[in-house]
Protein chains: 2
Amino acid sequence: MSEQQPPNRRARLREQTTAEIKATALELMAAGGPDAIALRAIAREMGMTAGAVYSYFATRDDLVTTLIGDVYTAAVASAESARDAVSDADPGARIMAWALAMRGWALENPEGFRLVYGDPVPGYQAPEEGAGKEAELRACTGLLDLVAAAWPTAAALQSDSRRYEWTDFDPVLAAHAQADFPGLPPEALALTLRVWGRMHGLVALEIYGHLRALAHDPAAVYRDEMEDLVASLGLGAGAGAETETETE
Amino acid sequence: MSEQQPPNRRARLREQTTAEIKATALELMAAGGPDAIALRAIAREMGMTAGAVYSYFATRDDLVTTLIGDVYTAAVASAESARDAVSDADPGARIMAWALAMRGWALENPEGFRLVYGDPVPGYQAPEEGAGKEAELRACTGLLDLVAAAWPTAAALQSDSRRYEWTDFDPVLAAHAQADFPGLPPEALALTLRVWGRMHGLVALEIYGHLRALAHDPAAVYRDEMEDLVASLGLGAGAGAETETETE
DNA sequence: CCTTATATTGAACGCCGTGTAGTAATTTAA
DNA sequence: TTAAATTACTACACGGCGTTCAATATAAGG
């Protein structure tokens, strides 16, 4: 019970209660979907009144925004670590690792996926900036790293019918690309977004229940698709892809 | 005002009111998203009481299910007609037509897309069968037709690392494939689902606002991705792909 | 005409997010 | 230490939601 942090005891209690609110909200979400994130239910669960929550979050949407930032950040972090567990020498395997990590996270936290990539909650409007936006940018830069590593082999395989400019993209993302990968053309950024979409599509269909009724082993279909993606970048899947496929 | 149909005048009134409820629901949805589909709001708009709607739909979820069926069916029909407006002789262009029609529909009816492919409404659970399921199957068979037409050139480009059986897929879809395309292997069905996912991914990201902040011309990115898809099936985009790209 | 089925109303219940006034506790300043 | 200000919280109210139910009006069929 000895206080070690300089800040007030009050501030520590506040931080603790804030964390409990978020944790309770995530529990409710895991149990009943993003719609179950109700201030009254959270307060009830915590033995508080609904109004008390307003001392911590000005509105329910503020809480949801915070949760999106947390969940999204955790998802991206897990994808990053999965990717970095594979050697730089095998860019194809690194892409596979990222893709499988993202799908694995989505299957383990389907409600989190809905929260981040769907309509989180009735009437919610995502803010222009914040932790969620940062996590999204971090996801894109993570993918950009992968695409940049593949670019030497992928460039020749791209159709050159359409040209892009750096100004076609988000300034922050474009600046990051130019700074970290000098010589990389803006077309690589377009390819990054396409890769993102390709990784996202099957997972979104699966999480929202459109795939499970049609295919008994969505994991195999997804793996096939990702192998085709890696091949389309002129890379081999490498030896790192020898993992399970029938798992759920 | 002369009755021509044998059914009761009452039955006709019922049908008419049912249609008005659905139309009002779609208006509300277009204005405020799927969450705006509220029985009380519909009734208010129609000068009724909320309870009266229960004579037509046993529950709000029943209404939503009906709407999903209608909207999904309309979307698939528009994709089919766009596809069939292109000659059989150019399978690649037919695929492009389908993809662009689906994306166009999604951009014109973003709330409809959310209704069909997202969480339509708090706590909604999609039924196992019904018009929505039929529309989904129709979408898949429509895509299967496209993939089957591409199979002669696409087969050789597929990785043969993974084999599928017909029993890996929905029985109805598998039966349709075997009946309509004798000689087509089950791997083509897996490819169909992968194509579906690839067409869906970027659109889903765009509709839910993840792409607009990052790329100023999502249409160009999507078109690139679809051209790559067509090429990956061993097809050329053909002459039919010469349409606008900067449009919104 | 009379009985039966159906459409509709109005009120109620229990959820929800949100605001407000008042109260108790803690922090800060004097 | 005491007084003032900030903060956390409760209790209550408002309007909206889906849903149920008893009562009532209307049309259908015999």
Side-chain angles (χ1 to χ4, degrees), chain A residues 1 3 5-22 24-25 28-29 31-67 115 119-125 127, chain B residues 1-3 5-22 24-25 28-29 31-67 119-125 127:
Chain A
M1 297 300 177
E3 306 98 9
Q5 280 97 348
N8 310 334
R9 170 174 158 243
R10 194 150 179 167
R12 281 182 296 110
L13 277 180
R14 178 182 179 80
E15 203 164 340
Q16 183 177 321
T17 306
T18 304
E20 189 181 349
I21 291 176
K22 296 202 285 184
T24 308
L28 289 172
M29 182 186 78
D35 309 312
I37 304 177
L39 294 190
R40 291 190 119 103
I42 294 170
R44 202 182 311 128
E45 205 83 6
M46 294 177 60
M48 290 199 313
T49 316
V53 183
Y54 283 84
S55 298
Y56 300 90
F57 297 95
T59 179
R60 190 204 48 163
D61 281 17
D62 279 21
L63 170 58
V64 170
T65 298
T66 303
L67 293 176
L115 184 73
D119 297 309
V121 104
Y124 176 78
Q125 284 278 25
Chain B
M1 302 300 176
S2 62
E3 307 100 9
Q5 280 96 349
N8 310 334
R9 171 176 156 240
R10 197 148 175 172
R12 281 181 296 109
L13 276 181
R14 180 182 178 81
E15 203 163 342
Q16 184 176 320
T17 306
T18 304
E20 189 181 349
I21 291 176
K22 296 203 286 183
T24 308
L28 289 172
M29 182 187 79
D35 308 311
I37 304 179
L39 294 190
R40 291 190 122 103
I42 295 170
R44 202 183 308 128
E45 204 85 5
M46 292 175 62
M48 290 199 311
T49 314
V53 184
Y54 282 82
S55 299
Y56 301 90
F57 297 94
T59 179
R60 189 204 49 164
D61 281 16
D62 278 21
L63 170 59
V64 170
T65 299
T66 304
L67 293 176
D119 296 309
V121 105
Y124 176 77
Q125 283 279 26

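Protein chains get the first letters and strands the later ones, always in sequence-line order, with residue 1 at the start of each.
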*With a 4.0 Å cut-off on heavy atoms, is A:T59 in touch with a base, just the backbone sugar-phosphate, or nothing at all?*
sugar-phosphate
*Return the value, rounded to whole Å, for the distance between atom CD of B:E15 and atom P of C:dT6.*
16 Å
*Does A:M46 reach the side chain of A:V53, with side-chain heavy atoms less than 4.5 Å apart?*
no
_Nucleotide D:dT20, atom P - distance to CG of B:L39 in whole Å_ = 11 Å
*Which one, C:dG17, C:dT8, D:dC17, comes nearest to the side chain of B:S55?*
C:dT8
*Would you say D:dT19 has OP1 or OP2 under 4.0 Å from some side-chain N or O of B:Y54?*
yes
*Checking all strands, does B:A52 fall into the base, sugar-phosphate, or nothing category for heavy-atom contacts under 4.0 angstrom?*
base
*What nucleotide, of D:dG16, C:dG17, D:dT19, holds the atom closest to the side chain of B:R44?*
D:dG16
*Taking for each residue the nucleotide of DNA chain C with the nearest heavy atom, is it B:R40 or B:T17 whose nucleotide lies nearer the 5' end?*
B:T17
*Rounded distance in Å - CD1 (A:I42) to C1' (C:dC15)*: 15 Å
*Proximal nucleotide (of D:dT10, C:dG17, C:dT9) relative to the A:T49 side chain*: D:dT10
*Taking CD from A:Q16 and P from C:dT26, how many angstroms apart are they, rounded to a whole number?*
15 Å
*asked:* With a 4.5 Å cut-off on side-chain heavy atoms, are B:I42 and B:L63 touching?
replied: yes
_Students often get this wrong, so: under 4.0 angstrom with heavy atoms, is A:I37 touching a base, only sugar-phosphate, or nothing?_
sugar-phosphate
*Please tell me which of B:L13 and A:Y56 maps to the more 5' nucleotide of DNA chain D, matching each residue to the nucleotide holding its nearest heavy atom.*
A:Y56
*Quick one: A:F57 CZ to D:dC9 P, roughly how many Å, whole number?*
13 Å
*Can a side chain N or O of B:R14 be found less than 4.0 Å away from OP1 or OP2 on C:dT8?*
no
*Over how many whole Å does the gap from A:D35 atom CG to D:dC17 atom P extend?*
16 Å
*Return the value, rounded to whole Å, for the distance between atom CG of B:D62 and atom P of D:dG18.*
13 Å
_Working to the nearest 0.5 angstrom, can you tell me the gap between A:I37 CD1 and A:T24 OG1?_
11.5 Å
_Distance check, rounded to the nearest 0.5 Å: A:L39 atom CG versus A:I21 atom CD1?_
8.5 Å
_Under 4.0 Å, heavy atoms only, any strand: does B:R60 hit a base, just the sugar-phosphate, or nothing?_
sugar-phosphate
*Look up atom NZ in A:K22 and atom CE in A:M29, then write down how far apart they are to the nearest 0.5 Å.*
12.5 Å
*Whole-Å gap separating P (C:dT9) and CE (B:M46)*: 10 Å
